[in-house]
Every structure is written in C-alpha cells, then in structure tokens.
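Accompanying notes for the structure given below.
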Amino acid sequence: MTPRLDELTIADSPAAWRNCGFEVDGDLCTIGAVRLRLLGDDAADGVVEWALGGIEDGADLDGLPTSVSAGPVSAPSTHPNGVTGLDHVVVISPDLDRTVAALEEAGLDLRRIREEPTPAGAPRQAFFRLGEPILEVVQAPPEAIERNGGPGGPAFFWGLALIAPDLDASVDAIGEGAGEPRDAVQPGRRIATLKRSAGLALPVALMTPPSRDGGG
C-alpha cells in the first residue's frame with residue numbers, strides 16, 4: 001500500500017478553527033480525507049505529528065514525527081466556510097536530497113522535483129502524493145538554514161493549504177482574518193492566506209481546486 005495521510009496532530013485551539021468557519025467536534029476537525037486533531041494552544045506550535053496509513057511502524061522520515069494511522073477518515077465534515085479538502089502539507093528541509101531519499105525509503109510516492117525558485121525564495125521543491133493531499137517538501141534558503149542550526153537539522157512541518165472551491169465566498173466567510181485572493185504559482189489557481197489575526201498557530205492558505213488540465 002502506498003502511504004496515505006490520515007491525520008495531523010496540531011497544537012492549536014479548537015475555538016480558533018471554529019472561529020474561522022470550520023466544523024469542529026471536540027478536538028477533531030475533519031477536512032476532506034484528513035483528520036486534524038487539535039491539542040489546544042498550550043502544547044507546542046503548529047503540526048506536532050502526522051499519522052500515515054500504509055507505513056511501517058518506526059519508519060524514519062528525516063525527523064518528521066510519525067505514527068501509524070488507526071484507519072482512514074470515515075466521512076468528511078461540511079464546513080460553513082466552504083473548505084472541502086486538504087490540498088497540501090508543506091515541510092521545510094535543510095537538505096532536500098536527504099529528505100527525499102528518506103521519504104522514498106519509507107515508501108512515499110515521489111511525483112516530481114521542481115528546480116525553480118518560489119516567490120518566497122525557496123530554490124527547489126519535491127512533491128509526494130499521500131492519498132488525497134500532496135506533500136510539498138521545500139528546500140530552505142541558505143540564510144534560513146543558518147538561522148535554524150545548519151544543514152544537519154531535521155525536516156520540519158510548516159503549514160497547510162486547504163481547498164476552497166468558491167474562494168471568494170470562503171474569504172468573505174472568514175472575514176478580516178483572510179487576505180485578498182490572488183493568482184497562485186500553479187497555473188489556473190487562486191490563493192488567499194490567513195492572517196495572524198485569524199488566530200491559528202500555523203500558516204494556512206486557501207486555494208481553488210487544481211485545474212482539470214493538470215496545471216495545478
């Protein structure tokens with residue numbers, strides 16, 4: 001079985017996600033085929049761990065805290081803000097080739113490596129399929145590597161991009177916590193990022209779905 005992302009454990013407040021228009025049941029927010037387990041905002045910052053199906057217990061994913069999933073999502077939630085799925089998870093690595101090798105060794109499905117810089121200055125990215133969502137591994141720029149202890153450090157989780165088919169309506173539903181929609185890097189798609197004032201503990205963006213011609 002190809003590894004599949006089933007759950008993300010996030011150190012964030014359920015109330016913060018509910019205030020952004022997500023349906024939250026206790027500490028659980030289900031977005032598409034992925035469960036978000038919200039620990040509260042006293043635990044740490046951002047994504048604490050992910051649970052994958054189809055992976056061996058104890059697999060080394062270059063420092064990314066990983067557990068074996070108890071099973072896939074039974075049914076997605078319907079969210080008042082119109083979000084329907086998880087598009088991709090962003091991981092940052094000080095050594096992209098090392099991280100890619102570790103993920104492939106664990107059985108993750110490498111789709112491509114993009115040898116072009118992003119608008120934010122990341123020189124290269126690798127993309128893996130994890131069931132419904134994509135894992136985007138970003139090579140940290142040299143100055144960021146030095147700030148974070150050098151090239152020998154582990155890969156780490158950074159942020160999420162969620163699918164919003166009617167992006168303008170989702171931005172309106174979230175209100176002042178959402179930025180203005182703009183063209184995304186992927187042709188034919190649009191994106192809006194949530195602001196710090198939205199109150200979430202990690203970077204989150206909303207995107208229109210991938211274009212049918214494969215440009216996304």
Side-chain angles (χ1 to χ4, degrees), residues 1-10 12 14 16-38 46-55 64 69-91 108-109 111-112 125-138 157-174 177-179 181-194 198 200-216:
M1 179 190 295
T2 302
R4 175 195 69 241
L5 174 60
D6 288 338
E7 184 168 305
L8 293 166
T9 299
I10 299 175
D12 209 350
W17 286 76
R18 194 175 290 112
N19 290 341
C20 287
F22 294 94
E23 183 69 29
V24 181
D25 182 8
D27 65 352
L28 199 63
C29 177
T30 303
I31 299 179
V34 179
R35 296 181 293 267
L36 307 186
R37 193 166 297 279
L38 305 171
V47 177
V48 176
E49 180 185 76
W50 62 3
L52 305 180
I55 194 168
L64 297 172
S69 169
V73 167
S74 57
S77 298
T78 300
H79 298 285
N81 61 18
V83 167
T84 60
L86 174 60
D87 188 78
H88 63 273
V89 178
V90 179
V91 161
L108 274 67
D109 179 20
R111 292 303 181 92
R112 66 187 177 99
Q125 308 94 52
F127 300 88
F128 293 81
R129 173 65 69 178
L130 280 174
E132 182 179 279
I134 292 287
L135 167 63
E136 178 181 349
V137 184
V138 176
F157 297 109
W158 187 74
L160 309 177
L162 310 178
I163 297 174
D166 188 338
L167 182 61
D168 294 296
S170 292
V171 166
D172 287 344
I174 294 170
R182 63 186 188 278
D183 289 341
V185 173
Q186 298 91 333
R189 303 185 73 181
R190 299 168 68 225
I191 187 171
T193 55
L194 299 194
L200 304 185
L202 74 170
V204 173
L206 308 181
M207 299 186 72
T208 54
S211 58
R212 292 184 179 180
D213 62 6

Minimum heavy-atom distance between [X] and [Y], given as atom pair plus value:
| X | Y | result |
| --- | --- | --- |
| V73 | P76 | CG1-N, 4.1 Å |
| G177 | A198 | O-CB, 3.7 Å |
| C29 | L38 | CB-CD1, 4.3 Å |
| T208 | P165 | CG2-O, 4.4 Å |
| G26 | R18 | O-NH2, 4.1 Å |
| P181 | L167 | CB-CD2, 3.7 Å |

Rounded to the nearest 0.5 Å, how far does [atom2] of [Y] lie from [atom1] of [X]?
| X | Y | atom1 | atom2 | answer |
| --- | --- | --- | --- | --- |
| F128 | T2 | CZ | OG1 | 12.5 Å |
| Q186 | D87 | CD | CG | 7.0 Å |
| W17 | I10 | CH2 | CD1 | 4.5 Å |
| L28 | E23 | CG | CD | 11.0 Å |

Residue pair D168, R190: steps toward the side-chain contact (heavy atoms from CB on, under 4.5 Å) verdict: CA-CA 10 Å; D168 294 296; R190 299 168 68 225; 3.1 Å; yes
I'd like to check [X] versus [Y] (side-chain heavy atoms, cut-off strictly below 4.5 Å). Are they in contact?
| X | Y | answer |
| --- | --- | --- |
| D109 | P3 | no |
| L130 | W50 | yes |
| L5 | L135 | no |
| T193 | R182 | yes |
| I31 | L160 | no |
| L162 | F22 | yes |
| V89 | V34 | no |
| Q125 | V137 | no |

Does the side-chain contact (heavy atoms from CB on, under 4.5 Å) test come out yes or no for W158 and V138, once each step is laid out? CA-CA 10 Å; W158 187 74; V138 176; over 6 Å; no
I'd like to check the salt bridge (Lys or Arg N to Asp or Glu O under 4.0 Å) partners of E7; sequence neighbours left out, ordered by chain and number.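 E7 satisfies salt bridge (Lys or Arg N to Asp or Glu O under 4.0 Å) with R35, R37 once adjacent residues are dropped.
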Under 3.5 Å donor-acceptor, [X] side chain and [Y] backbone:
| X | Y | result |
| --- | --- | --- |
| H79 | T30 | yes |
| R129 | E132 | yes |
| D12 | L200 | no |

Is there a side-chain contact (heavy atoms from CB on, under 4.5 Å) between I174 and L206 once you walk through the steps? CA-CA 11 Å; I174 294 170; L206 308 181; 3.6 Å; yes
